Each structure stands twice: as structure tokens, then as C-alpha cells.
Amino acid sequence: PIFGIIPMTNPIATANYKTLIGLKGRNALIMSFHRICLPLATAFMDAVTPVLERHGAPTGIVQCLQERSSRQRTARFMSHAGIRFILATGGPGMVQAAYRSGTPAIGVGSGNGPAWIAADADLSAAAEAVVSSKSFDNGLICGAEHNLVVDASVADAFRDALEVAGAAVLDEQETERFLAAAITDDGGGYRPQLIGQSAKLVAGLLEIERDHEIKLLVVPAVPDLAHPLTAEKMGTFLSLFVIDGEEAAQTLCLDLLGKMGAGHTAMVHTQDDARAGRFAARMPVSRALVNSPGSQGVCGLSTGLPMAFTLGCGTFGGNSTTDNVGWRNLVNIKRMATLQA
């Protein structure tokens with residue numbers, strides 16, 4: 001059996017995907033949902049079990065733990081002799097625990113994708129891509145844009161393009177209200193109440209208004225790596241940094257990935273193939289997307305990447321693979337080879 005760790009941020013999508021690739025690889029699965037979303041384990045099994053029965057699958061081929069998880073119980077499952085493989089989706093601590101368990105594992109890392117808007121970008125297309133990506137699933141996709149790194153020469157025009165695409169680029173007073181409400185009292189992160197909430201809801205609570213429906217909140221910021229605005233944001237908001245020139249933009253992107261998200265994804269919007277190539281070669285990521293929305297691009301919907309919801313971060317991010325993980329990662333391939341004359 002495969003032991004699948006299911007995160008709180010997108011539990012049903014992750015459980016569905018792990019089930020599909022596990023079964024296609026002819027594996028049984030035992031899944032452990034994060035304790036916050038444990039009731040969804042029952043709902044998931046209620047939906048999946050009749051389908052498996054209808055198709056004649058063996059009883060119990062897919063199971064979910066029905067009790068509140070703990071680190072100790074999860075560790076016992078991961079090191080159990082009956083578990084042959086682990087698919088670990090969660091925080092860095094959980095992924096590292098999977099690798100330390102002694103059981104073969106594929107872990108995936110956190111995202112913090114920078115999106116460089118170069119001076120020659122198609123600003124309207126880039127703005128539409130950012131809004132469609134970061135508003136999808138209320139901002140919970142790790143491979144979405146978390147930081148906009150915008151060339152100074154197009155910063156004003158890009159802000160306008162974001163507003164046209166449905167974002168609200170916050171002014172100074174709106175930014176102060178947002179940060180006061182969003183940042184925890186110790187200044188180290190975001191209040192959990194913002195996770196996965198729609199931009200329309202958050203904007204309404206903060207009295208942020210526009211003439212259009214607000215799909216995304218864009219928060220202007222300075223590149224202070226100690227501030228939460230330079231970290232992963234699991235919600236319908238992201239930071240915007242204004243940078244002058246290619247070298248400064250790439251350096252900031254490297255700094256952001258160095259803080260969090262190394263190995264996952266970075267994006268660039270440019271009409272210059274050579275510039276895109278330089279960016280892709282320099283970024284320590286498994287996926288460098290060019291002129292594509294992040295959420296739709298990482299999973300293969302708008303790119304030629306293999307379609308997947310589980311995204312490896314390679315050795316950049318302390319993972320065992322850079323793959324868009326699919327069923328082929330979950331089968332043993334035996335090779336019989338004969339002596340060649």
C-alpha cells in the first residue's frame with residue numbers, strides 16, 4: 001500500500017489525485033487527512049467507495065484514517081513494514097519526516113513563486129494570467145504567483161492592467177488596513193482566517209471598494225525578506241515589488257525562492273526568448289513558466305507539462321524528484337536483459 005498524507009489547503013483535490021494515480025499504478029492506498037479537515041475524509045470515502053464497488057475493486061483498496069491524526073501516529077504508519085511507499089504533501093517538517101522514515105517516499109515542497117514582469121511583457125495578458133491564476137481555488141495553489149516582481153518602466157501601466165483584469169491594487173491606506181488585519185500579532189505570518197477566503201470577502205471586511213468585482217488583492221511592498229509579504233501566501237492576495245532592470249529582478253526572485261519555495265516554480269512574462277531562457281536557467285526551480293498563469297501552468301492545463309496535482313521540487317527543495325508526479329512514479333518497472341552478442 002501507499003501512505004498518502006493529505007494537507008489542509010486542498011484536501012479533496014489532493015486525495016482524488018493520489019487515488020487516481022495510485023489505482024492506475026495498481027496500488028492500494030491509505031490516506032491521512034490533516035486534523036483540521038478530518039471530516040472531509042468521511043465525505044471523500046462516501047463518494048469514492050460506491051464507485052470502487054461498482055467497478056469491482058477489492059474491498060478496502062482505498063482507505064482513510066478516521067481518527068484525528070498526530071505526528072506520532074503518522075510516523076508509525078510511515079515506518080510500518082506494510083507500507084511500501086509514501087506520497088507526502090504538506091509542510092517541510094512532514095516531508096522530511098517521510099524521508100527519514102526508512103520507507104521510499106516522494107515529498108513535495110512549499111511554493112513562493114516569483115513572477116517577473118519584464119519591461120517587454122504583454123501587460124494585459126500578464127495581468128489576466130496573474131488574476132486568473134492566483135484567484136483560482138481562492139489562492140490555495142502552491143504553484144500560483146505569490147510575488148510580482150515588476151520592472152519599474154512598466155510598473156504604473158501594469159498596475160492599471162491588473163485593475164482592468166479584476167484585481168485591486170491597494171493604495172497606502174488600504175495596504176495599512178490589510179496588513180493590520182492580515183498579519184499575526186507577532187508579525188511572523190498571516191492569520192489563518194485569511195487562508196482560502198475570496199478576495200471579495202476580504203475586501204468587503206476591510207472596506208476596500210472598486211467599480212468592478214474584486215478577484216485579487218495586490219499589496220505593494222518593499223523587498224524585506226523578514227516580512228511575511230515575501231513568503232508564501234495561501235489566499236487571494238499577493239505582493240508587488242517594483243525593480244529596475246533584469247539583474248535586480250532576477251536577484252530578488254532568487255532571494256524570494258531562497259526564503260521559501262526553492263525547487264517549486266517561477267514565472268516570467270516577456271516577449272524575448274533569450275531573456276526567458278536566462279531566467280529559467282538561473283532560477284532554482286523545477287518549473288519555469290513563460291507567459292503562463294502559474295496555477296494552470298504547473299499542472300499542465302496551459303503548458304506542455306504532464307498534468308498533475310503533485311509537484312516535486314527536486315534537490316533544490318529537498319525532494320527526491322522534479323517531476324510532475326504521476327502514476328509512473330508509483331510502479332516498479334522490472335527489466336529483463338539478455339547478453340548482447
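Just so you know, these numbers come straight off a predicted model, no measurement behind them. Residue numbers count from 1 along this sequence.
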Is there a path from V108 to Y99 through hydrophobic residues (I, L, V, M, F, W, Y) whose side chains come within less than 4.5 Å of each other? no
Would you call H146 and K134 a side-chain contact if the rule is heavy atoms closer than 4.5 Å? yes
Between R177 (side chain only) and L206 (backbone N and O only), is there a donor and an acceptor less than 3.5 Å apart? yes
Measure the OG1-CD1 distance between T14 and I5 for me, rounded to the nearest 0.5 Å. 12.0 Å
Mind checking the NE2-CD spacing from H264 to E232? Nearest 0.5 Å is all I need. 8.0 Å
Any donor-acceptor pair under 3.5 Å linking the side chain of N138 with the backbone of G196? yes
To the nearest 0.5 Å, what is the distance between CZ on R35 and CZ on R68? 5.5 Å
Taking the side chain as every heavy atom from C-beta outward, state whether I21 and N27 have any atom pair closer than 4.5 Å. no
Any donor and acceptor pair, going by atom type alone, linking the side chain of K233 with main-chain N or O of L229 inside 3.5 Å? yes
Contact check, side chains of N10 and D137, non-hydrogen atoms, under 4.5 Å: yes
Same hydrophobic cluster for V218 and F158, using side-chain heavy-atom links shorter than 4.5 Å among ILVMFWY? yes
Within-4.5 Å side-chain heavy-atom neighbours: S110 and C142: no
Keeping the roles fixed (side chain from T230, backbone from H227), state whether a donor-acceptor pair exists under 3.5 Å. yes
Closer than 3.5 angstrom, by distance alone: can the side chain of N147 be matched with the main-chain N or O of N112 as a donor-acceptor pair? yes
Out of curiosity, N319 CG to I106 CD1, how far, rounded to the nearest 0.5 Å? 9.0 Å
Holding to side-chain hydrogen bond (donor to acceptor under 3.5 Å, both in side chains), I want the full list of residues that pass it with T89, two or more places apart in sequence or in another chain. K18
List in chain and number order the residues that pass side-chain contact (heavy atoms from CB on, under 4.5 Å) with A41, two or more places apart in sequence or in another chain; answer none if no residue qualifies. F33, L38, C64, Q66
Side-chain donor or acceptor of T321 paired with backbone N/O of G314 under 3.5 Å: no
Quick one: are F77 and I30 in side-chain contact, heavy atoms under 4.5 Å? yes
Quick check against the 3.5 Å criterion: does Y190 have a side-chain atom that pairs as donor or acceptor with the backbone of P228? yes
So, do V219 and L240 sit near enough that their side-chain heavy atoms are less than 4.5 Å apart? no
Are any side-chain N or O atoms of D171 and backbone N or O atoms of Q173, one a donor and one an acceptor, separated by less than 3.5 Å? yes
Between D185 and R191, is the closest basic N to carboxylate O distance under 4.0 Å? yes
Start with the C-alpha distance between I117 and V149, add both sets of side-chain angles, then the distance that settles side chain to side chain contact (heavy atoms under 4.5 Å, CB included), and finish with yes or no. CA-CA 6 Å; I117 312 301; V149 178; over 6 Å; no
Under 4.5 Å between side-chain heavy atoms, hopping through other hydrophobics if needed: is there a path connecting I2 to V331? yes
Mind checking the CG-CG spacing from L148 to L162? Nearest 0.5 Å is all I need. 6.5 Å
Measure the spacing between CG of D151 and CD1 of I243 and express it to the nearest 0.5 Å. 9.0 Å
Quick one: do S302 and S292 satisfy side-chain hydrogen bond (donor to acceptor under 3.5 Å, both in side chains)? Show the steps, please. CA-CA 7 Å; S302 62; S292 170; 2.8 Å; yes
Compare all side-chain heavy atoms of V285 with those of R287 and state whether any distance is below 4.5 angstrom. no
Any side-chain heavy atom of R275 sitting closer than 4.5 Å to one from F279? no
Expected output: side-chain E163 to main-chain V169 donor-acceptor under 3.5 Å: yes
Tell me whether the centres of the aromatic rings in F85 and F3 are closer together than 6.0 Å. no
